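In what follows, a single structure is set out as C-alpha cells and then discussed.
No experiment lies behind these values; they were computed from the predicted model shown. In what follows, chains carry the letters A, B, and so on, assigned in the order in which the sequence lines appear, proteins first and then strands, with residues in each chain numbered from 1.
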Protein chains: 2
Amino acid sequence: MSNKRHGTSGIEGSGVAYKIPLMSEAHPDRTDACLIALRRILRATEQYERSLAQAAGLTSAQLRVLQIVAARGQAGATPKALAMQMRVSQATVTALVDKLVARGMVTRFRSRTDGRQTDVVITPKGDETATSAPDALQQRFVRAFEGMRDWEQAQLVSSLERVAAMLDAERIDASPVLTIGEIKDDQPGA
Amino acid sequence: MSNKRHGTSGIEGSGVAYKIPLMSEAHPDRTDACLIALRRILRATEQYERSLAQAAGLTSAQLRVLQIVAARGQAGATPKALAMQMRVSQATVTALVDKLVARGMVTRFRSRTDGRQTDVVITPKGDETATSAPDALQQRFVRAFEGMRDWEQAQLVSSLERVAAMLDAERIDASPVLTIGEIKDDQPGA
DNA sequence: TGGCGTTTGTTCGACATGCTAACGAACCTA
DNA sequence: TAGGTTCGTTAGCATGTCGAACAAACGCCA
C-alpha cells in the first residue's frame, strides 16, 4: 500500500535514474535523465561537503573561507573580497572569519594602506588544515577522471562546462568571478 | 585550495572559454576545468534554489518536501521516508513538515494501519504550489537542453550520468549522515 | 494476556548559515 | 574641514539541521 517504496518523485527520486534509453529522438526521458543526474551530483556533493567539513572539524562554509584565504597566501583577503567571491554578505563573512580566528586558523590584520580594510591571513595551522583537509569529493572525482581515456576526458569537460554555462548564464553580473583556485585581486579602480 | 597546482590562471570563472594550454598525457588543466565547472553548477543551483524558494514563498528545503509529497499523491509519505529520501534526520523533517502544515500545504494523517506512522499528504493548495513553483533551474536547463542537437543531448546525458556515478558511488558508508539506505533500495534488480 | 524491546514521530536545546539594518571608523573629495 | 562613501562589525532574526530524550504504538513471545 503506502509502502510502495518511495522514490519515484521526478527529480528527487532515484528510482528512475539508472536505465535510460540512450538512443532515441526527442526524448523527454533524456531531459529527465539529465535532471536526475544533476540532482545526484548535487546531492552527492552536498553530502560530501558535510562529511568533509566534519572530518576537518570545520563546516563547509568555514572551509571555503579557509581555502580562499589559504590560496591567497600572505597577501590575505579582505572580508569584502571574500564576500564577493563567496557571494554572501559581509556580515556572514565576519561571522565565519570570527570562527576561524577562534580556531586559530586565520588572523586578522588591519591593513596598513587602508585603515578600513582588514586582511585575513592564513596561519600555519590553518594552512595545514586547508591542505590536509581531503576534499573527498574532488579526490574521488579526480581519481576517476584521470582514469578515463583522453577523448572521454575531453568530452566530459566540454559537457560540464556546457551545463555550467547553461545554468549560471546571466547570473554572473557584477560579481567577481568564480573561484576555486584562483583569486583575482579585485581592485575596484578598474 | 582545491588544487595546489592550480597554476593555470587561465581557466577560471566567467570567462571560461575553455582554453587548455597543453595537451599532454596528464591534463591537470582538464581536471581543473571539470572541478570548476562542477563548482559553477553547484553554486548556480544553490542560488537558484534560493531565489526560487523565495518566489514561491517557501524555502528550498520545504519545497523539496513538498515536491516529494506531491509526487506521492494521496498515498502521502511518512516522515521517515521523507527523511531517508532527503537524507536528513527525522527531526528535521518534522520541522519542515510543521511549516508546510502551517502554510496549509500538507496535512498530517495518522496512519490507520500503523498507529505510529503519520502520512503527510498534499493539499490542493500544496499541490498547486508544487506544480506552479517554477523550478527556475530546471526550466532554464530544460530549455537549453532541448535546444541542443540530438547527439549533443545524448552526449550530455551520458556525461552527466557518468559524473553522477563517479560521485555518488560507494559513498554509502563511512559517513554518519549518509548511512541511509535509500540508494540501494531502488536497485533495479542487480 | 501481559511484558518488553523496537520503531516512529515529536519535542527540546544547541549550533551553523545567512540576511538586513544600523553603526563607527577610516577614507576621499570638494 | 565637512560631507559622503566604503569597509568591517555588531545586533537581531529566520531557517536548517542535528542528537538526545521521550511517548505512543507495534510485535514478539512466553
Side-chain angles (χ1 to χ4, degrees), chain A residues 2-3 6 43 46-47 49-54 56-66 76-103 106-121 186-189, chain B residues 43 46-47 49-54 56-66 76-84 86-103 106-120 175-181:
Chain A
S2 51
N3 263 353
H6 47 49
R43 199 162 52 186
E46 231 171 61
Q47 309 264 321
E49 247 183 16
R50 207 173 314 191
S51 63
L52 179 203
Q54 200 167 10
L58 296 167
T59 65
S60 71
Q62 288 164 24
L63 185 61
R64 238 155 58 195
V65 172
L66 194 62
T78 65
K80 168 130 192 136
L82 286 169
M84 289 199 302
Q85 196 161 342
M86 295 176 61
R87 315 267 177 112
V88 296
S89 68
Q90 282 188 209
T92 298
V93 170
T94 295
L96 293 174
V97 171
D98 278 350
K99 290 180 182 134
L100 290 176
V101 168
R103 282 174 178 70
V106 301
T107 318
R108 273 192 250 245
F109 290 108
R110 178 162 238 89
S111 166
R112 267 156 300 278
T113 64
D114 186 335
R116 292 167 302 182
Q117 293 186 346
T118 301
D119 289 325
V120 180
V121 181
D186 30 24
Q187 283 320 293
Chain B
R43 195 161 50 191
E46 230 172 62
Q47 309 219 318
E49 249 184 11
R50 206 173 315 192
S51 63
L52 181 206
Q54 199 167 12
L58 295 168
T59 66
S60 73
Q62 288 164 23
L63 184 61
R64 238 154 62 194
V65 172
L66 194 62
T78 65
K80 169 134 190 126
L82 286 168
M84 287 200 303
M86 295 176 62
R87 312 274 173 103
V88 296
S89 69
Q90 282 188 209
T92 299
V93 170
T94 295
L96 294 173
V97 171
D98 278 351
K99 296 196 174 116
L100 290 176
V101 168
R103 282 173 176 71
V106 301
T107 318
R108 271 192 252 245
F109 289 110
R110 178 161 239 90
S111 165
R112 266 157 301 279
T113 64
D114 187 334
R116 291 167 302 183
Q117 294 186 342
T118 301
D119 289 325
V120 181
S175 179
V177 210
L178 18 110
T179 44
I180 340 291

Value in whole Å for how far the C1' atom of D:dT15 lies from CE of B:Met86: 13 Å
Per-nucleotide protein contact string for nucleotides 6-16 of chain C, where B marks a base within reach and S marks sugar-phosphate only (heavy atoms under 4.0 Å, - for neither): -BSBBB----S
Shortest non-hydrogen separation from A:Pro79 to A:Thr118 and the atoms involved: CD-O, 3.2 Å
Distance below 4.0 Å between B:Ser89 side-chain N/O and D:dT17 OP1 or OP2: no
Whole angstrom value for the distance that separates C1' of C:dT17 from CG of A:Leu100: 13 Å
Short side-chain N/O contact from A:Thr92 to OP1 or OP2 of C:dC19, under 4.0 Å: yes
Single hit among A:Leu100, A:Asp98, A:Val97 for side chain to side chain contact (heavy atoms under 4.5 Å, CB included) with A:Gln62: A:Leu100
Distance, nearest 0.5 Å, that separates OG1 of A:Thr92 from CE of A:Met86: 8.5 Å
Comparing A:Arg64 and A:Arg110 on DNA chain C - which has the more 5′ nearest nucleotide: A:Arg64
Heavy-atom pair of closest approach, residues A:Arg103 and A:Gly57: NE-O, 3.7 Å
Rounded distance [0.5 Å steps], CZ in B:Arg110 versus CD in B:Gln117: 10.5 Å
Beyond-backbone contact of A:Lys99 with A:Val65, side-chain heavy atoms, under 4.5 angstrom: no
